[in-house]
Trainee: 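I have a structure I would like to understand better, so I am pasting it below and will then ask my questions one at a time.
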Amino acid sequence: MKRYNIYITVLGLAMAALTFTACSDEWDDHYKGSATDINASSVSLWNAILQDPNLSNFARVATACGYDKALASSQVFTVFAPTNDHFSTAEADAWIQTYQAQKGRVDDDENTTIKEFLQNHITLYNHSVSTQTNDSIILMNGKRAKINTSSINGSPFLTTNKRYSNGVLFTVGTPVEFFPNVFEYVRKNSELDSLASFLYNDKFYRRDFKPEESVPGGIEDGKTIYLDSVFEQQNDLFKYNAINAYLNREDSTYWMVAPTNNVWRNLIEEYEPYFVYDTNVLDRDSMMYTNPRLAIVKGTVFSRTNNKDAAIRDSLLSTNAVRNGTLRRATYGADSLHYYQYNKPYEPNGVFTGTQNVACSNGIMMVANDWKIDKKETFFQQIIVEAEGRNAIKEIEKVKNSKNELEETATAYLRNVTNDNAFYGKVSSDYFVEFEASKNVNPGVTFNITNVLSNIGYDIYVVTAPALANDSNASEAQRLPTVLSFTINYNDADGVQKTSNLLQNYETQPDIVDAILVAEDFKFPTATWGLEETEPKVTLTMKCNVRAAQLRSGTHMRTMRVDCILLKPHVNNPLN
């Protein structure tokens, strides 16, 4: 027996199909009631179709694709067959030619003829209609179809409820129209070939066979042959850390702004230099392929669940947006930073401007030949390293003592800014770290920095806190300035560690939160974006440079108070 495949994206367990059909009071009709019991015990659906000359074109397509075996089996189906008056010989030939052209090149469940025609006219189990019917059913390709007394998805019934030994037969006046979902539409529009190539790449996309949900049809040559083989689409790009949207699910509603091939090429040319990894990075080539493309796609999908009509014209949340203000503050350093969230999407230069909109079964595809999504609103983000954050401190500089043992040059103390302090809300997260010199030498501390992009400008700030932020009664001696110098370490393209001197001998300003610009428009030659680093390649070292004479005269101190490190995307005015 020829293997018969059933394509299901969100159907899952076959019983899930029953859940969607239980909406009306006519549920019992699906199994026992009003379907016409003509030859119900002896004639199969397939024989009934063969015996009706007005269904010969439909029968030819079903035979060519091997569905004659299935429709003659003990598996129960409901078939909505278009008649020859409305489905011509030429149309049947075209579907057969498409099937044969794809046979052997794609799996049966992804063959266009099976998926978009045959499975679009067949559903599992008995279904019938009555004067009360207003239901939805799941077709074999996973599509939802609205069914009422007189039509299915708008295709009018010519005959209804003819029951046979393995199911129910309807005839319809026009073929049931196939509506691709957003994920499927990407492959149907030649202008989106580049996007389709990425989304359907074997690195991310696969189909998992579900034997426990499939129906075996017997044993042939020692192998189980399945009458219906259930596959589930899996795509790693749909997960939380990527697009965060399951574009193939028929029970969700998404809008997606999709770049045409021309836009895609231009963006790839611009974005690829931002994702250059050094030669020591594991899976370097894969990351240099994936990340520029993911940078294009992230922030282009919008769930209608989170974007209601009343709010969408003012502010649009992509599936990658951080909606909670507190979480935004923790992630980006300020709750005012709205990455992957766009204001006024319908206004000139809004992200929806000039798109060609196509209705899909689970939303709208917005084809864009003029790209309005700015990288500074998506992946080119401010990086914040909270001094008190986990793994923020790489090391405190050490020196040898009289016993030739290494000792840290400073002791780190976590300081909190309480809500009764004048600096409350002015220090990031209301915590900072105080590094108090523990030896008679200038202390130094090195911080880890992660997720930098290559060849893209950053303005680098080190933010210091005043003694008063922790102690409103801090003495004058505790509030003295210090002198700081800064260096930064990173890998070159060959994985060799390099050091660049940044701002040197900067005297801090007492009694203020001081955002020190230590480097302007600094470009890293290699990226660490997306790397899971136990030992980050990028580090920033700050060292106290107070002279002994300054210490003796009581004009300076060797205590450093660090709030955070900020890497801000460079703009013409770096303070904005």
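Just so it is clear, the structure is predicted and the values come from calculations on it, not from any experiment.
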Trainee: Do side-chain atoms of Asn261 reach the backbone of Asp193 as a donor and acceptor pair under 3.5 angstrom?
Mentor: yes
Trainee: Got Asn244 and Lys239 here, is their nearest side-chain heavy-atom distance under 4.5 Å?
Mentor: no
Trainee: Does any non-hydrogen side-chain atom of Leu294 lie less than 4.5 Å from one of Leu237?
Mentor: yes
Trainee: Does atom CG of Asn306 have more than 12 heavy-atom neighbours, drawn from other residues, nucleotides or ligands, at distances under 6.0 Å?
Mentor: yes
Trainee: Start with the C-alpha distance between Ile152 and Val172, add both sets of side-chain angles, then the distance that settles side-chain contact (heavy atoms from CB on, under 4.5 Å), and finish with yes or no.
Mentor: CA-CA 8 Å; Ile152 176 171; Val172 291; 4.2 Å; yes
Trainee: Kindly state whether the ring of Tyr67 and the ring of Phe117 have centres lying under 6.0 angstrom apart.
Mentor: no
Trainee: Please tell me whether Asn369 and Thr260 have a donor and an acceptor in their side chains that are separated by less than 3.5 angstrom.
Mentor: yes
Trainee: More than 12 foreign heavy atoms under 6.0 Å from NZ of Lys523: is that the case here?
Mentor: yes
Trainee: Between Ser428 and Glu386, is there a side-chain donor-acceptor contact under 3.5 Å, judged purely by atom types and distance?
Mentor: yes
Trainee: Are the side chains of Asn491 and Val496 in contact, using a 4.5 Å heavy-atom criterion?
Mentor: no
Trainee: Are Glu184 and Lys143 close enough for a salt bridge, meaning some N to O gap below 4.0 Å?
Mentor: yes
Trainee: Check for me whether Arg313 meets the cation-pi criterion with Tyr346, that is, NZ or CZ under 6.0 Å from the six-membered ring centre and within 45 degrees of the ring axis.
Mentor: yes
Trainee: So, Asn141 versus Glu116: side-chain donor-acceptor pair below 3.5 Å or not?
Mentor: no
Trainee: Are the side chain of Asn235 and the backbone N or O of Leu199 linked by a donor-acceptor pair below 3.5 Å?
Mentor: yes
Trainee: Would Arg304 count as a cation-pi partner of Tyr254, with NZ or CZ less than 6.0 Å from the six-membered ring centre and within 45° of the ring normal?
Mentor: no
Trainee: I'd like to know if the side chain of Gln341 pairs up with that of Ser318 as donor and acceptor (distance under 3.5 Å, no hydrogens or angles considered).
Mentor: no
Trainee: Does a side chain donor of either Thr112 or Gln102 reach within less than 3.5 Å of an acceptor in the other side chain?
Mentor: yes
Trainee: Look only at the side chain of Asp374 and the backbone of Glu377, and say whether a donor-acceptor pair between them is shorter than 3.5 Å.
Mentor: no
Trainee: Without swapping roles, check the side chain of Ser454 against the backbone of Pro273 for a donor-acceptor pair under 3.5 Å.
Mentor: yes
Trainee: Test your reading of the model: is there a side-chain donor-acceptor pair from Ser303 to the backbone of Thr305, 3.5 Å cut-off?
Mentor: yes
Trainee: Any donor-acceptor pair under 3.5 Å linking the side-chain atoms of Thr133 with those of Asn148?
Mentor: no
Trainee: Under a 4.5 Å cut-off applied to non-hydrogen side-chain atoms, are Met287 and Leu531 in contact?
Mentor: yes
Trainee: Do the side chains of Lys537 and Ile449 get nearer than 4.5 Å, heavy atoms only?
Mentor: no
Trainee: Ignoring hydrogens and geometry beyond distance, is a side-chain donor-acceptor pair present between Asn291 and Tyr277 at under 3.5 Å?
Mentor: yes
Trainee: Are there more than 12 heavy atoms of other residues, nucleotides or ligands under 6.0 Å from atom CZ of Arg206?
Mentor: yes
Trainee: Do Asn166 and Trp46 have side chains that get closer than 4.5 Å, going by heavy atoms?
Mentor: no
Trainee: Is the Phe524-Phe522 ring centre distance short of 6.0 angstrom?
Mentor: yes
Trainee: Can you tell whether the side chains of Glu272 and Arg293 come within less than 4.0 Å, N to carboxylate O?
Mentor: yes
Trainee: Passes salt bridge (Lys or Arg N to Asp or Glu O under 4.0 Å), Glu110 versus Lys115? Steps please.
Mentor: CA-CA 6 Å; Glu110 293 197 324; Lys115 180 178 177 180; 5.6 Å; no
Trainee: Is the distance between the ring centroids of Phe380 and Tyr274 less than 6.0 Å?
Mentor: no
Trainee: Among residues at least two apart in sequence or on other chains, which ones pass salt bridge (charged side-chain N to carboxylate O under 4.0 Å, His left out) with Glu535?
Mentor: Lys394
Trainee: Taking Asn448 for the side chain and Asn391 for the main chain, is one N or O donor matched with an acceptor at less than 3.5 Å?
Mentor: yes
Trainee: Is it the case that the side chains of Asn189 and Tyr185 hold a donor-acceptor pair, with the cut-off being a distance below 3.5 Å and no angle test?
Mentor: yes
Trainee: Less than 4.5 Å apart, side chain to side chain, heavy atoms only: is that true for Val301 and Trp255?
Mentor: no
Trainee: Applying salt bridge (Lys or Arg N to Asp or Glu O under 4.0 Å), run through Arg60 and Asp93 and close with a yes or a no.
Mentor: CA-CA 9 Å; Arg60 286 175 56 237; Asp93 288 342; 2.3 Å; yes
Trainee: Is any side-chain heavy atom of Phe238 closer than 4.5 Å to a side-chain heavy atom of Leu247?
Mentor: yes
Trainee: Indicate the ring-plane relationship of Phe352 and Phe302, choosing parallel, tilted or perpendicular according to the 30° and 60° boundaries.
Mentor: perpendicular
